[in-house]
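Below you'll find the structure, written out as structure tokens, and then a few comments.
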Amino acid sequence: MTSTPSDKVKSSVAELEDITMPSLGADMTEGTLTQWLVKEGDKVNSGDIIAVLETQKGAIDMEVYSSGTITEILVEPVIEVPVGTILARIALAEPSNKIVKSVVPAVDKVNETSVPVVETSPVNKQVNVLDVKISDVKASPIARRLAKEQQINLTGIIGNGPQGAILLNDLTPLLTDKKQLNSKKLKFAGTTEQNMRNAIAVAMTKSKQEIPHFYLSVEVDITSAQQWLQQQNQTSPPEDHVILLALLLKALANSLVKYPKLNGFYQKDISQSDLPQGDHFEQVSAIHIGNVISLRQGGLVVPAIHDVDKLSITELMQGLRDITERSRSGHLRSSELMDATVTVTNMGERGADSVFGIIYPPQVAILGFGKVRDIVKVVNDDMVIAQVLTLSLSADHRVIDGMLAAKFLNYLAKKLQKPECL
């Protein structure tokens, strides 16, 4: 697996762990801490939500990855900081044998009146984060920049953000020129859709520039799967109904157990010398499937369902409902956006016949599920109506060859022929 977002350091008294601004994908370079849910001295357990972050993907619940006591909070809301900036420190409840060199050195405590400035420096030279005084009013970076340009005094304005912080929408009544306001919203990426479009542009451009994609597809008869689903749903209430996507994800997870070469990350590691520039494939045993979810207001997110191969169909369906609901309400957890080992994009009944996705780095594969359609098929010299969908695969040719990809797709197709065995 990839390293956790928290970087660990040794202490002569107690082992401390740096809690840093996580990278929630290849497209993320900075994030805004909007709210702490803990304070210094609080005890936390691994997996607890300790803060809320604002990123291009929207509001994200940040988890802690170890149990212990919060000893220092170094960054107070509301401030935008680069990925890797130390936000807080935790004294570990149990010493860890793993020691990872800190990515960003310790910095002096940063408050809501400060903006970080990163000084570019040569390799092995420390990165300095400087405190620059702006005002004593809590406000998001977007609102602060807009207020400065429009010469708006933030003093006395009641904010609707965490701890009363002033957000972009709080300044709307103060701007009489709506045309000007709309342009400012676009300029500062004030809309969620524009933020997400920017994030998508960065990640997908990086993918197409760096990853040698190749594409395969196969048409699979899912008549048996559809009939099985209908029988299962007839005996259960509507809220417990299982949709086809749950079967597709379960079949995919089982296929990845058979063909693990498609499950993992293509990494850069200067300690490796067997591949150019130290690049290497890191195969992962856990199967965390990222599911592309289209948001009603525009844009998309790709949260992961963890350990899909170990879930029953019912549990998997519950997981799908859960991440879909939280994706659209803005309550995804940071881990769900960080550790997908493979991704799927599903067109659904209103989509296209097939879709060939763009790989999300550092993953090496993305599966596409087209819409279900009816065809005429010859079975035992009789013409019958069958339901089919197209499975497509976009794969990284640095790791996967065409023959392996073809075997994988055909194995996945066979799994869908026997839904009762999933």
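Reckoned from all heavy atoms, side chains included, excluding hydrogens, waters and symmetry mates. Note that the structure is a prediction, hence the values are computed from the model and not measured.
Annotation: the span from I293 atom CD1 to N291 atom CG amounts to 5.0 Å, rounded to 0.5 Å. Note that OG of S255 is 6.0 Å distant from OH of Y411, once rounded to the nearest 0.5 Å. Residue L422 holds its CG atom at 6.5 Å from CG of L416, rounded to the nearest 0.5 Å. Rounding to the nearest 0.5 angstrom, the gap separating the CD1 atom in I287 from the NE2 atom in H306 is 13.0 Å. How far CD1 of I222 is from CG of L247: 9.0 Å, rounded to the nearest 0.5 Å. Remark: T34 OG1 to M62 CE distance equals 11.0 Å, nearest 0.5 Å.
A donor-acceptor contact shorter than 3.5 Å is absent between the side chain of S67 and the backbone of A93. The backbone N or O of L229 sits less than 3.5 Å from a side-chain atom of N233, completing a donor-acceptor pair. Here the side chain of D396 pairs a donor or acceptor atom with the backbone of R398 at under 3.5 angstrom. Without hydrogens or angle criteria, K250 side chain to L311 main chain gives a donor-acceptor distance under 3.5 Å. Not a single donor-acceptor pair under 3.5 Å links the side chain of T205 to the backbone N or O of V202. Judged by distance alone, with hydrogens and angles left aside, the side-chain atoms of H213 form a donor-acceptor pair with the main-chain N or O of I359 at under 3.5 Å. A donor-acceptor contact shorter than 3.5 Å is absent between the side chain of N254 and the backbone of A251. Checked by atom type and distance alone, the side chain of R333 never pairs as donor or acceptor with a backbone atom of D61 at under 3.5 Å. When atom types are taken as modelled, the side chain of H397 and the backbone of A395 share no donor-acceptor pair closer than 3.5 angstrom. Side chain of S392 to main chain of S217: no donor-acceptor pair is present (N/O by atom type, distance under 3.5 Å, no hydrogens or angles).
Taking the six-membered ring where the residue is Trp, Y259 and F408 present perpendicular rings, their angle passing 60° and hence far from 30°. Ring pair F356/Y215 is perpendicular by interplanar angle, where above 60° counts as perpendicular and below 30° as parallel.
Checked by atom type, the side-chain pair N263/H288 shows no donor-acceptor distance below 3.5 Å. The closest side-chain donor-acceptor pair between T341 and Q363, if any, does not fall under 3.5 angstrom. With no hydrogens or angles considered, a side-chain donor-acceptor pair links D221 and T223 at under 3.5 Å.
Between L393 and F214 there is no side-chain heavy-atom pair separated by less than 4.5 Å. Annotation: side chain of I60 is not in contact with side chain of V52 (no heavy-atom distance under 4.5 Å). Looking at M204 and Y360, their side chains come closer than 4.5 Å, going by heavy atoms from C-beta outward. Taking the side chain as every heavy atom from C-beta outward, T343 and T345 never approach each other to under 4.5 Å. Inter-residue side-chain proximity for S23 and M338 is flagged as unmet; no heavy-atom pair is nearer than 4.5 Å. Looking at heavy atoms from C-beta onward, L53 lies in side-chain contact with P22 at the 4.5 angstrom threshold. Residues K261 and V399 are in side-chain contact: their nearest non-hydrogen atoms beyond the backbone lie under 4.5 Å apart. Between Q226 and L244 the shortest side-chain heavy-atom distance falls below 4.5 Å.
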*Verify side-chain hydrogen bond (donor to acceptor under 3.5 Å, both in side chains) between E63 and S335, making sure each step is shown before the conclusion.*
CA-CA 7 Å; E63 301 163 78; S335 63; 2.5 Å; yes

*asked:* Working note: T20 + T85, criterion side-chain contact (heavy atoms from CB on, under 4.5 Å); need CA distance, chi angles, decisive distance, verdict.
replied: CA-CA 5 Å; T20 64; T85 300; over 6 Å; no

*side-chain contact (heavy atoms from CB on, under 4.5 Å) evaluation trace for L87 with L74*: CA-CA 5 Å; L87 305 178; L74 302 173; over 6 Å; no

*Report the C-alpha separation of L249 and V344 in whole Å, then their side-chain angles, then the decisive distance to 0.1 Å, and conclude whether the side-chain contact (heavy atoms from CB on, under 4.5 Å) test is met.*
CA-CA 8 Å; L249 294 182; V344 301; 3.6 Å; yes

*Test D279 against Y266 for side-chain contact (heavy atoms from CB on, under 4.5 Å), laying out the working first.*
CA-CA 7 Å; D279 297 354; Y266 193 78; 3.1 Å; yes

*Do R326 and E336 pass the salt bridge (Lys or Arg N to Asp or Glu O under 4.0 Å) test, and can you show the C-alpha distance, the side-chain angles, and the key distance before you say yes or no?*
CA-CA 11 Å; R326 288 190 291 109; E336 293 167 332; 2.6 Å; yes

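Nearest heavy-atom pair, S66 versus E17, reported as atom, atom and distance to 0.1 Å: OG-OE1, 2.8 Å. Nearest heavy atoms, H241 versus S236: NE2-O, 3.1 Å. The two atoms that bring A406 and L216 nearest to each other are N-CD1, 3.6 Å, heavy atoms only. Between A304 and D339 the shortest heavy-atom distance is CB-OD1, 4.1 Å. In terms of heavy-atom proximity, S294 sits nearest to L300 at CA-CB, 4.2 Å. Taking every heavy atom of both residues into account, L262 and V364 meet most closely at O-CG2, 3.7 Å.
Comment: R321 does not engage E239 in a salt bridge, judged by the lack of any side-chain N to carboxylate O separation of less than 4.0 angstrom. Salt-bridge check for R89 with D18: passed, with a basic side-chain N closer than 4.0 Å to an acidic carboxylate O. Salt bridge annotation for E219-R373: present, with a cationic side-chain nitrogen under 4.0 angstrom from a carboxylate oxygen.
The side chain to side chain contact (heavy atoms under 4.5 Å, CB included) test with I50 is passed by exactly one of L37, I90, V44: V44.
For E349, the CD atom sits in a loose shell: 12 or fewer heavy atoms of surrounding residues, nucleotides or ligands are nearer than 6.0 Å.
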